[in-house]
Amino acid sequence: MTVETVHGDVDLPEVPTDVVALGWSDADTSLALGVEPVGVADWLEYGGNGLGPWVEEQVEGDPVQLGTMEPNVEATASLEPDVILDTRSDLTQERYDMLSPIAPVVGPPPGVEITYGTTWQEQTRQVAAALDRQERGEELVTELEERFADLREEHPEFTDSTIAVGAYDYDGGFGAYVPGDTRTDLLTDLGFEYDSELADKADGAFYTDLSAENVEALDADLTVVFPLEAGAAEELQNDPVLQGLDSAQDGRLIVLDDQDLIDAFSSGSAPGVHHALDGIVPQLVQALDQ
């Protein structure tokens with residue numbers, strides 16, 4: 001098997017059995033395809049086995065946690081993997097060069113230009129190609145795309161509304177996610193329209209910081225915000241700048257406070273997106289009914 005990546009073609013001499021999943025949500029995707037990784041990266045700080053609750057039932061072993069932005073190279077090599085999945089990453093050549101002496105590294109597909117900007121469709125297909133499970137990969141993509149289509153049909157009000165997605169960071173500041181980020185893409189896949197002004201501020205990244213005077217850029221027909229630090233949702237409910245937005249004054253601000261939902265919303269994997277839709281769609285409908 002030859003898999004095309006942003007770093008060139010990657011040759012896999014045989015179907016991998018010992019898989020290390022280092023990219024953002026690569027472990028979720030591998031499990032959804034029926035392959036349990038021997039090593040994982042706990043990007044969202046789930047703790048425990050380093051995996052989201054929406055895939056825990058598929059985990060039988062105890063995968064080794066290997067780090068995220070700076071993976072433990074020695075621990076990774078000790079697992080003697082057949083392949084390293086890194087399909088949602090920072091895109092740097094340095095990261096690829098650090099990992100490639102250990103095993104073939106399947107990174108993002110060609111065309112991905114935003115760091116961590118691999119879509120859930122691209123990730124599913126890329127991991128499926130690496131694991132020789134393309135048929136199951138297409139089934140996963142079709143299932144979720146059909147669910148989005150059904151939700152758009154059920155909720156035509158989504159397509160008539162603008163959306164903004166923000167986060168409250170560890171230093172008490174705000175930021176905004178833009179198209180190309182999996183959180184924003186989930187909402188635009190539901191039919192919402194995104195204001196391009198914020199995308200321009202991001203300058204090719206998936207996220208842009210917002211100064212206090214620019215938080216008003218998060219105002220839209222519907223504003224979705226969540227804290228990056230567990231337990232900080234109450235601060236958002238009482239933040240005078242955020243609560244001063246027109247969307248907040250009109251009851252069209254959603255502050256996500258359920259950590260499992262926040263993690264699923266941020267995961268960007270096919271199983272994580274399914275879980276996120278279960279929790280977020282009812283909140284979207286309620287907010288638009290205000």
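Keep in mind that the numbers below use all heavy atoms, side chains included, and drop hydrogens, waters and symmetry copies.
Residues R147 and D278 are paired through a salt bridge, judged by an N-O separation under 4.0 Å between the basic side chain and the carboxylate. Using a 4.0 Å cut-off between charged nitrogen and carboxylate oxygen, D26 and R88 do not count as a salt-bridge pair.
H274 places none of its side-chain heavy atoms less than 4.5 Å from the side chain of W120. Taking 4.5 Å as the limit, every side-chain heavy atom of D169 sits out of range of all side-chain heavy atoms of F174. The shortest side-chain heavy-atom distance between I84 and V106 does not fall under the 4.5 Å cut-off. Side-chain contact between E74 and N72: present, with at least one pair of heavy atoms (C-beta onward) separated by less than 4.5 Å. By the 4.5 Å heavy-atom criterion applied to side chains, S267 and W43 are not counted as neighbours. Contact of the L144 side chain with the E146 side chain is not registered, since no non-hydrogen atoms from C-beta on lie closer than 4.5 Å. A heavy-atom distance below 4.5 Å is found between the side chains of P37 and V40.
The hydrophobic clustering, which links ILVMFWY residues whose side-chain heavy atoms are closer than 4.5 Å, places F148 and L288 together. Transitive grouping of hydrophobic side chains (ILVMFWY, heavy atoms separated by less than 4.5 Å) brings V225 and V281 into a common cluster. Taken together through direct or relayed side-chain contacts under 4.5 Å among Ile, Leu, Val, Met, Phe, Trp and Tyr, I262 and L284 form part of one hydrophobic cluster. In the hydrophobic clustering of this structure, V6 does not group with F206; members are Ile, Leu, Val, Met, Phe, Trp, Tyr whose side-chain heavy atoms approach within less than 4.5 Å, directly or through other members. Note: the hydrophobic cluster containing V273 also contains V141 (ILVMFWY, side chain heavy atoms under 4.5 Å, direct or indirect links).
Scored by the side chain to side chain donor-acceptor pair (under 3.5 Å) test, E234 finds no partners at all (sequence neighbours excluded). Every ring pair (Phe, Tyr, Trp, His ring centres under 6.0 Å) that H155 has, sequence neighbours left out, goes to F158. Not a single salt bridge (charged side-chain N to carboxylate O under 4.0 Å, His left out) links D90 to another residue, sequence neighbours left out. Not counting sequence neighbours, the partners of E139 by the salt bridge (charged side-chain N to carboxylate O under 4.0 Å, His left out) test are R136. Considering only residues two or more places apart in sequence or on other chains, D42 meets the salt bridge (charged side-chain N to carboxylate O under 4.0 Å, His left out) condition with none of them. Evaluation of the salt bridge (charged side-chain N to carboxylate O under 4.0 Å, His left out) rule for E235 yields no partner, not counting sequence neighbours. Under the side chain to side chain donor-acceptor pair (under 3.5 Å) criterion, W24 pairs with no residue at all, not counting sequence neighbours.
The closest donor-acceptor contact from the side chain of R183 to the backbone of Y177 lies at 3.5 Å or more, if one exists at all. Of the possible polar contacts, none joining the S30 side chain to the A27 backbone as a donor-acceptor pair under 3.5 Å is found. At least one donor-acceptor pair under 3.5 Å links the side chain of Q126 to the backbone N or O of E4. A donor-acceptor pair under 3.5 Å links the side-chain atoms of T159 to the main chain of P156, judged by distance alone. Under a 3.5 Å cut-off, the side chain of E143 and the backbone N or O of L140 do not form any donor-acceptor pair. The closest donor-acceptor contact from the side chain of T87 to the backbone of P108 lies at 3.5 Å or more, if one exists at all. Listed for the D258 side chain is a donor-acceptor partner under 3.5 Å among the backbone atoms of D260. Judged by distance alone, the side chain of R152 and the main-chain N or O of G191 form no donor-acceptor pair under 3.5 Å.
The line from OG1 of T208 to CG of D181 is 12.5 Å long, rounded to the nearest 0.5 Å. Atom CG of L222 is separated from atom CG of L187 by 8.0 Å, given to the nearest 0.5 angstrom. How far OG of S89 is from OH of Y116: 6.5 Å, rounded to the nearest 0.5 Å. The CG atom of L186 sits 10.0 Å away from atom CZ of F192, with the distance rounded to the nearest 0.5 Å. The distance from the CG atom of D189 to the CG atom of L277 is 9.0 Å, given to the nearest 0.5 Å. For the atom pair OG of S25 and CG of L44, the computed distance is 6.0 Å after rounding to the nearest 0.5 Å.
The minimum heavy-atom distance between P81 and V20, with the atom names listed, is CB-CG2, 3.7 Å. Considering all non-hydrogen atoms of both residues, L91 and V112 come closest at CD1-O, 3.9 Å. Of all heavy-atom pairs between P71 and L99, the closest is CG-CD2, 4.1 Å. Nearest heavy atoms, L218 versus A176: CD2-CB, 3.8 Å. Residues A270 and T124 share a closest heavy-atom pair of CB-OG1, 4.0 Å. Listed here is the closest heavy atom pair of A232 and P227: CB-CB, 3.7 Å.
With a 6.0 Å radius and a threshold of 12 heavy atoms from other residues, nucleotides or ligands, E36 has its CD atom above the threshold. Taking a 6.0 Å sphere around CD of E154, one finds it holds more than 12 heavy atoms contributed by other residues, nucleotides or ligands. The environment of E213 atom CD is dense: over 12 non-hydrogen atoms of other residues, nucleotides or ligands sit within 6.0 angstrom.
A side-chain donor from one of Q123 and T29 sits under 3.5 Å from a side-chain acceptor of the other. Between the side chains of S211 and N214, at least one donor-acceptor pair of N or O atoms lies under 3.5 Å.
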Let me see the working for L131 and V19 under side chain to side chain contact (heavy atoms under 4.5 Å, CB included), right down to the final yes or no. CA-CA 9 Å; L131 302 181; V19 175; 3.7 Å; yes
What verdict does the side chain to side chain contact (heavy atoms under 4.5 Å, CB included) test give for E138 and R125, after you've listed the backbone C-alpha separation in whole Å, the side-chain angles of each residue and the deciding distance to 0.1 Å? CA-CA 7 Å; E138 287 305 314; R125 290 180 171 126; 2.7 Å; yes
Please lay out, stage by stage, how V178 and T184 fare under the test side chain to side chain contact (heavy atoms under 4.5 Å, CB included). CA-CA 6 Å; V178 301; T184 301; 5.5 Å; no
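Sorted by first then second residue, the ring pair (Phe, Tyr, Trp, His ring centres under 6.0 Å) pairs that include residues 59-85, not counting sequence neighbours, number zero. For residues 66-93, no pair satisfies ring pair (Phe, Tyr, Trp, His ring centres under 6.0 Å), with sequence neighbours left out.
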Counting only pairs under 3.5 Å, give me each side-chain donor-acceptor contact of residues 240-248, with atom names and distances, residues two or more places apart or in other chains.
from: Q243; atom 1: NE2; to: L236; atom 2: O; distance (Å): 3.0
from: Q243; atom 1: NE2; to: Q237; atom 2: O; distance (Å): 3.4
from: S247; atom 1: OG; to: D219; atom 2: OD1; distance (Å): 3.2
from: S247; atom 1: OG; to: T223; atom 2: OG1; distance (Å): 2.9

Can you give each donor-acceptor pair under 3.5 Å made by side-chain atoms of residues 45-64, sequence neighbours left out, with the distance rounded to 0.1 Å?
from: N49; atom 1: OD1; to: L51; atom 2: N; distance (Å): 3.0
from: W54; atom 1: NE1; to: D28; atom 2: OD2; distance (Å): 2.7
from: Q58; atom 1: NE2; to: L31; atom 2: O; distance (Å): 3.1

Only pairs under 3.5 Å count here: list side-chain donor-acceptor contacts from residues 7-17, not counting sequence neighbours, and write none if there are none.
from: H7; atom 1: ND1; to: Q93; atom 2: OE1; distance (Å): 3.3
from: D11; atom 1: OD1; to: T2; atom 2: OG1; distance (Å): 2.8
from: T17; atom 1: OG1; to: D82; atom 2: OD2; distance (Å): 3.0

